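Everything on this sheet refers to the single structure shown next.
Labels below follow one simple rule: chain letters A, B, ... track the order of the sequence lines, proteins then strands, and each chain is numbered from 1. Here the structure is a predicted model, which is why all the values come from computation and not from measurement.
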There are 2 protein chains.
Amino acid sequence: MDKMPKGSATLRDVATAAGVHPGTASRALNEETRSLVRSETVERILFAAEQLGYKPNLLARSFKTRRTNSVGIVIPDINNPLFPPMVRGVEDRLFDSGFVTLLANTEGDPDRQRKIFESMVDRRVDGLVLATASRKDDDLAMFAAEGIPIVLINRVVEDATFSSVSVDDVVGVRMAVDHLRNLGHVRIGHVAGPQSMSTGHARYHGFLSSMAASGAPADPELVAFAEQFSVAEGERCATALLEKKRRPSAIVAGNDMLALGAVSAVEHAGLRCPEDVSIVGFNDMPFVDRLHPPLTTVRIPHYSIGARAADLLVELVRDQRGPLRVVVLAPELVVRQSTLRVPAATR
Amino acid sequence: MDKMPKGSATLRDVATAAGVHPGTASRALNEETRSLVRSETVERILFAAEQLGYKPNLLARSFKTRRTNSVGIVIPDINNPLFPPMVRGVEDRLFDSGFVTLLANTEGDPDRQRKIFESMVDRRVDGLVLATASRKDDDLAMFAAEGIPIVLINRVVEDATFSSVSVDDVVGVRMAVDHLRNLGHVRIGHVAGPQSMSTGHARYHGFLSSMAASGAPADPELVAFAEQFSVAEGERCATALLEKKRRPSAIVAGNDMLALGAVSAVEHAGLRCPEDVSIVGFNDMPFVDRLHPPLTTVRIPHYSIGARAADLLVELVRDQRGPLRVVVLAPELVVRQSTLRVPAATR
DNA sequence: CGGCGCCGCGCAAACGAGTGCACCCGCGGC
DNA sequence: GCCGCGGGTGCACTCGTTTGCGCGGCGCCG
């Protein structure tokens with residue numbers, strides 16, 4: 001009875017099989033328009049569809065409806081352990097909502113980012129999750145112009161003109177410096193992340209204000225600026241700090257990558273972490289608890305960030321023109337073994 | 001002069017602007033058919049296209065040509081540090097070839113995997129890169145049936161019925177056991193990965209044969225089988241091994257995750273790695289060099305695996321019915337600090 | 001000088017689904 | 001008994017691009 005479906009059954013096929021017009025079949029198969037068709041015929045059509053193993057051609061549908069049920073997620077580099085959990089969060093949620101996820105890495109290259117953006121809009125993604133925003137990002141205007149829903153994660157833009165989900169960077173670093181203060185540290189250094197990104201910027205200023213608020217203000221000598229969030233840059237900056245005449249007894253790093261570079265730096269300087277210098281990171285990337293030494297750091301809810309972002313995004317694509325929403329999640333200090341009370345002798 | 005493009009200029013628009021028929025414009029714009037139209041008119045059309053900022057509607061094109069220039073990459077879990085570099089490899093190459101990458105995580109759940117597969121074929125991806133194959137995987141038949149090009153990475157299926165790129169698991173473990181032998185170890189245990197996967201299977205048998213070939217065959221007491229490649233399972237299996245009356249002085253783990261679990265196990269047993277028991281992993285995941293202790297492991301070229309897979313795949317989608325190709329890359333032992341010569345006393 | 005071939009291009013038919021509009025029929029109200 | 005109304009379907013067009021086909025014109029060769 002079954003006839004061999006070449007390719008697969010088309011809407012017209014089920015229509016003729018059910019003895020109705022393709023238009024009617026379309027309505028019957030589509031949830032929202034199903035009420036327009038007599039329930040009896042609906043059943044006949046559904047049966048025929050089932051029988052023929054009808055699968056709607058998503059390309060044709062997307063072409064007609066201009067909705068692809070796909071969203072892009074663009075990040076700097078999936079190799080950065082910070083991102084996999086976030087990606088996972090958005091992918092999980094999005095898939096459950098019937099969306100498919102296009103992944104792209106910018107590698108921090110503006111040209112490549114632009115090409116990625118173009119590729120995404122050309123493919124008519126329904127929305128985007130971006131983890132690559134600069135504090136001022138002109139390319140984002142492209143999407144605004146196209147009317148494509150966006151939600152930023154982790155980093156945000158300066159003028160809150162897009163929905164976003166991130167964590168409170170300044171309370172995060174405050175927790176870090178307070179922790180260090182409580183351990184008796186006074187000369188606290190900072191290897192700051194790139195100031196072109198909101199994370200690097202906010203954490204730097206958070207460091208400054210926390211220091212000022214907790215006794216002795218920061219020594220300008222003791223902050224170095226990394227060009228990027230990499231361990232190489234972290235090492236470079238940290239060695240610079242350690243070479244000062246009066247080196248810091250503790251360093252708060254702009255993120256975990258920089259922190260890793262910092263511990264390398266103290267080792268290469270013939271010192272030990274944490275005995276000689278304490279280090280605290282930011283992000284609590286996977287596996288930093290197993291590093292040597294296990295890293296004290298401020299934890300951010302990676303997965304939740306992704307998941308919340310996905311939720312916001314589906315909301316945005318469903319009822320277009322939704323309000324712009326910015327959610328800020330709370331960080332949490334997790335103390336491990338890279339920080340130590342400063343010995344009474346050296347105090 | 002410019003007229004405001006609502007949405008964007010269509011092919012018809014540039015055709016009328018250039019005073020030609022849409023069909024002609026199509027040919028002129030398309031690289032391969034361009035030779036069919038007089039170069040003079042080509043130029044006119046190109047100019048008009050440029051002028052109007054014409055961007056072809058990829059949805060319409062895909063709908064017509066049945067090619068989406070998209071490929072799916074499905075992996076167990078992007079959180080496993082093994083995969084980001086591979087994903088990166090395929091994404092890089094694919095993007096350069098004009099493809100976009102759909103990412104999906106199966107989480108090892110067959111139901112979810114099936115849904116992902118369906119989603120992918122429904123979206124008419126041009127090809128797939130799969131890192132989730134079981135040794136016998138029936139779901140893969142779905143793609144074979146649909147005629148969708150596939151290349152397997154890392155894991156392969158038993159009957160080499162798909163193109164794949166992987167590493168030589170048995171020479172990998174042989175390097176591991178030879179290394180251990182050279183350090184004087186004789187009681188060498190193995191926490192084996194899941195036997196349903198080619199990696200777990202091949203490494204286990206590689207362990208057996210290498211042991212036999214290098215002196216004393218493996219003691220069946222000293223191998224435990226993990227249900228999955230996780231640190232929890234690694235810890236469970238390793239503690240089981242350590243509880244034997246005559247515990248092993250070294251353990252080769254099915255992969256780095258299991259190895260991490262194993263070092264936890266020796267620590268929880270009140271022993272030390274590597275002083276009391278040496279451990280060697282497999283994969284050389286990112287950051288295992290910074291772990292405590294830095295892990296001796298056999299390195300596989302993650303990025304290259306992804307990149308080669310991508311190359312194979314574009315080759316497959318370009319000239320359909322290409323030959324099935326299986327490439328096997330060479331592993332490499334990297335010795336760090338989780339392995340140590342067994343002290344003469346205990347030898 | 002006539003016919004054949006080829007080049008360049010227009011024409012129109014797809015691809016598969018969604019959707020405004022019109023039509024038909026049955027029923028209820030006046 | 002007639003008119004109106006509305007639920008249920010059919011009809012045809014649309015989305016934007018690709019592509020087979022055919023036609024007109026020009027050049028070349030016989």
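- The phosphate of D:dT17 has neither OP1 nor OP2 within less than 4.0 Å of any side-chain N or O from B:Ser26.
- Backbone-only contact: B:Pro56 has heavy atoms under 4.0 Å from sugar-phosphate atoms and none from a base.
- Remark: B:Asn30 is in phosphate contact with D:dT18, judged by side-chain N or O atoms under 4.0 Å from OP1 or OP2.
- A:Leu36 comes within 4.0 angstrom of a base, heavy atoms only.
- Checking D:dG16, C:dA17, D:dT18 against the side-chain heavy atoms of B:Arg61 singles out D:dT18 as nearest.
- In terms of phosphate contacts, A:Arg66 brings no side-chain nitrogen or oxygen within less than 4.0 Å of OP1 or OP2 of C:dG18.
- Nucleic acid contact for B:Thr10: sugar-phosphate only, since backbone atoms but no base atoms lie under 4.0 Å from a heavy atom of the residue.
- Under 4.0 Å is where a charged nitrogen must lie from a carboxylate oxygen, and between B:Arg93 and B:Glu315 no such pair does.
- Interface remark: the B:Arg27 side chain does not form any donor-acceptor pair with the C:dG8 base, using a distance-only criterion of under 3.5 Å.
- Spacing between atom CD of B:Glu40 and atom C1' of C:dG8 amounts to 11 Å, rounded to whole angstrom units.
- Between A:Arg44 atom CZ and D:dG8 atom C1' there is a gap of 12 Å when expressed in whole angstrom units.
- The local environment of CD in B:Glu118 is crowded, with over 12 non-hydrogen atoms from other residues, nucleotides or ligands closer than 6.0 Å.
- Rounded to whole Å, atom C1' of D:dG16 lies 7 Å from atom OH of B:Tyr54.
- In this structure, the nucleotide among D:dA12, D:dT18, C:dG10 sitting nearest to the side chain of B:Val20 is C:dG10.
- Straight-line distance from the CG atom of B:Leu11 to the C1' atom of D:dT14: 16 Å, rounded to whole Å.
- A side chain to side chain donor-acceptor pair (under 3.5 Å) with B:Arg114 is found for exactly one of B:Thr106, B:Asp109, B:Asp139, namely B:Asp139.
- Within 4.0 Å of B:Thr65, counting heavy atoms only, lie sugar-phosphate atoms of the nucleic acid but no base atom.
- One finds a side-chain N or O of B:Thr41 lying less than 4.0 angstrom from the OP1 or OP2 phosphate oxygen of C:dC9.
- For A:Arg12 and C:dG18, a side-chain-to-base donor-acceptor distance below 3.5 Å is absent, hydrogens and geometry of angles not being considered.
- For B:Thr24, whose side chain is taken as the heavy atoms from C-beta onward, the closest listed nucleotide among C:dG10, C:dA17, D:dT9 is C:dG10.
- Using a cutoff of 4.0 Å between basic side-chain nitrogens and carboxylate oxygens, B:Arg325 and B:Asp311 are not scored as salt-bridged.
- The aromatic ring of B:Phe63 is stacked on the base of C:dC15, with the two ring centres less than 5.5 Å apart and the planes inclined by under 30°.
- Going from atom CG of A:Leu59 over to atom C1' of D:dG16 covers 13 Å, rounded to whole Å.
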